[in-house]
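The structure presented is a predicted model; accordingly, all values stated were derived computationally and were not measured. All ligand and atom numbering here is 1-based and tracks the order in the structure.
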Amino acid sequence: MKIWLDGGLQDTESARVSVFDHGLTVGDGIFETVKAVDGRPFALTRHLDRLTRSARGLGLPDPDLDEVRRACAAVLEANPMPLGRLRLTYTGGYGPLGSDRGDRGPTLVVALGGTTRRPDSTAVVTVPWTRNERGALTGLKTTSYAENVVALARAHEHGASEALFGNTVGQLCEGTGSNVFVVLDGELHTPPLASGCLAGITRALAVEWTGAKETDLPLDVLERAEEVFLTSTLRDVQAVHRVDDRELPGAPGPVTAKAMRIFDERSGADLDP
Ligand code: PLP
């Protein structure tokens with residue numbers, strides 16, 4: 001496998017970043033996961049816009065998007081696969097121990113892993129920990145993901161593939177790596193960005209393509225929603241058939257099935273929607 005590091009392709013086994021890289025020592029970094037179908041990235045422009053927004057939010061220099069595009073193309077060409085996930089990581093770079101950044105500039109790594117199409121439906125659990133809708137990192141796709149790692153482990157303990165968070169004021173927010181949609185009285189809703197969720201790219205496309213409403217939703221909406229689904233780069237639109245102990249028989253229900261169909265049709269037709 002080849003990855004992009006220090007301005008060119010390198011062998012994954014021998015590529016090295018400093019043990020003092022701020023991404024490693026203090027989680028000072030941002031990332032994107034981009035789906036690649038037959039060697040072509042999906043929605044790359046939207047991902048690069050979010051990468052730039054995350055960099056600005058962290059006070060990192062703007063990434064050189066020409067280099068990032070070249071890196072993605074080179075890595076995809078060097079590692080052909082039918083369905084892959086590009087992982088773009090951009091950190092504060094080499095620095096002294098402590099929270100101050102060094103002055104050697106950021107580190108950019110672009111790697112590619114394989115992935116498989118997710119099942120049509122899945123189980124989720126809610127977790128008691130909250131997302132902070134007003135934190136310094138809210139809405140940024142940072143590498144500080146340990147909270148998600150802990151929550152996902154909880155989900156796996158309960159035979160689920162995703163954990164859902166509320167925020168500090170008891171509203172539904174998002175999953176560890178996905179956004180959430182619910183159907184109430186036949187209408188589709190998703191929490192607004194002000195809930196503290198990530199501005200998911202799949203979420204934005206689903207809102208644009210289905211007309212879902214962005215609505216403040218109490219966490220207990222999950223006890224009565226007629227349908228629930230998740231969106232993310234790697235799940236696309238995925239129905240939920242169980243929330244905690246509550247079964248949602250027949251998932252995907254009609255609204256979810258329609259969203260899945262619309263997403264498949266439109267995302268297949270346009271690689272950079
Ligand atoms: N929320 C979080 C916390 C995420 O990490 C992700 C993706 O990794 C998402 C939502 C979904 O975003 P996207 O649709 O851009 O993959």
Side-chain angles (χ1 to χ4, degrees), residues 27 29-37 41-55 57-58 68 72 83-90 111 113 115 117-118 122 124-127 129-133 135-155 161-167 171-182 190-210 212 214 217 228-240 259-260 262-264 266-267 270-273:
I30 56 174
F31 77 104
E32 286 292 323
T33 301
V34 183
K35 189 168 58 167
V37 185
F42 176 68
L44 186 57
T45 302
R46 289 182 188 248
H47 282 285
L48 297 187
D49 285 350
R50 188 170 64 186
L51 188 73
T52 302
R53 285 202 309 278
S54 297
L58 238 61
V68 180
C72 292
L83 188 58
R85 55 200 298 193
L86 280 166
R87 160 79 190 215
L88 286 47
T89 310
Y90 186 68
T115 186
R117 214 184 132 76
R118 297 294 159 120
T122 193
V124 303
V125 295
T126 53
V127 287
W129 312 299
T130 52
R131 280 281 199 254
N132 179 359
E133 67 282 5
L137 303 183
T138 303
L140 308 180
K141 198 163 165 65
T142 75
T143 55
S144 301
Y145 244 52
E147 181 177 69
N148 293 319
V149 172
V150 171
L152 196 58
R154 170 71 65 94
S161 80
E162 181 58 305
L164 296 179
F165 289 91
N167 63 15
Q171 291 163 336
L172 181 61
C173 185
E174 66 176 346
T176 67
S178 63
N179 293 104
V180 58
F181 288 68
V182 298
T190 192
L193 297 183
S195 70
C197 66
L198 185 75
I201 285 160
T202 325
R203 170 191 180 278
L205 292 171
V207 167
E208 283 170 32
W209 290 344
T210 65
E214 299 180 76
L217 301 160
V228 179
F229 68 76
L230 306 175
T231 59
S232 83
T233 292
L234 296 177
R235 294 175 192 267
D236 294 328
V237 174
Q238 186 180 40
V240 170
M260 290 167 106
I262 293 175
F263 195 85
D264 280 351
R266 303 218 186 157
S267 63
D270 185 355
L271 283 168
D272 211 359

List of N/O pairs, ligand 1 versus protein, all under 3.5 Å?
{"from": "ligand 1", "atom 1": "1 (N)", "to": "Glu174", "atom 2": "OE1", "distance (Å)": "2.7"}
{"from": "ligand 1", "atom 1": "5 (O)", "to": "Lys141", "atom 2": "NZ", "distance (Å)": "3.4"}
{"from": "ligand 1", "atom 1": "5 (O)", "to": "Tyr145", "atom 2": "OH", "distance (Å)": "2.0"}
{"from": "ligand 1", "atom 1": "8 (O)", "to": "Lys141", "atom 2": "NZ", "distance (Å)": "2.7"}
{"from": "ligand 1", "atom 1": "14 (O)", "to": "Ile201", "atom 2": "N", "distance (Å)": "3.3"}
{"from": "ligand 1", "atom 1": "14 (O)", "to": "Thr202", "atom 2": "N", "distance (Å)": "3.0"}
{"from": "ligand 1", "atom 1": "14 (O)", "to": "Thr202", "atom 2": "OG1", "distance (Å)": "2.6"}
{"from": "ligand 1", "atom 1": "15 (O)", "to": "Arg50", "atom 2": "NH1", "distance (Å)": "2.9"}
{"from": "ligand 1", "atom 1": "15 (O)", "to": "Arg50", "atom 2": "NH2", "distance (Å)": "3.1"}
{"from": "ligand 1", "atom 1": "15 (O)", "to": "Ile201", "atom 2": "N", "distance (Å)": "2.8"}
{"from": "ligand 1", "atom 1": "16 (O)", "to": "Thr233", "atom 2": "N", "distance (Å)": "2.9"}
{"from": "ligand 1", "atom 1": "16 (O)", "to": "Thr233", "atom 2": "OG1", "distance (Å)": "2.6"}

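Residue Glu32 is tested with Arg50, Arg87, Lys141 for a side-chain hydrogen bond (donor to acceptor under 3.5 Å, both in side chains); the sole match is Arg50. Screening Leu86, Thr33, Asp272, Thr233 against His47 for a side-chain contact (heavy atoms from CB on, under 4.5 Å) leaves a single residue, Thr233. Screening Cys197, Ser195, Pro191 for a side-chain contact (heavy atoms from CB on, under 4.5 Å) involving Leu193 leaves a single residue, Cys197.
Counting heavy atoms from C-beta on, the side chains of Asn179 and Leu230 never come closer than 4.5 Å. Residues Asp236 and Arg117 have side chains in contact (heavy-atom distance under 4.5 Å, counting atoms from C-beta outward).
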Margin query: Could you walk me through whether Glu162 and Ser178 satisfy the side chain to side chain donor-acceptor pair (under 3.5 Å) test, starting with their C-alpha distance in whole Å, then the side-chain angles of each, then the deciding distance to 0.1 Å, before giving a yes or no?
Written below: CA-CA 8 Å; Glu162 181 58 305; Ser178 63; 2.7 Å; yes

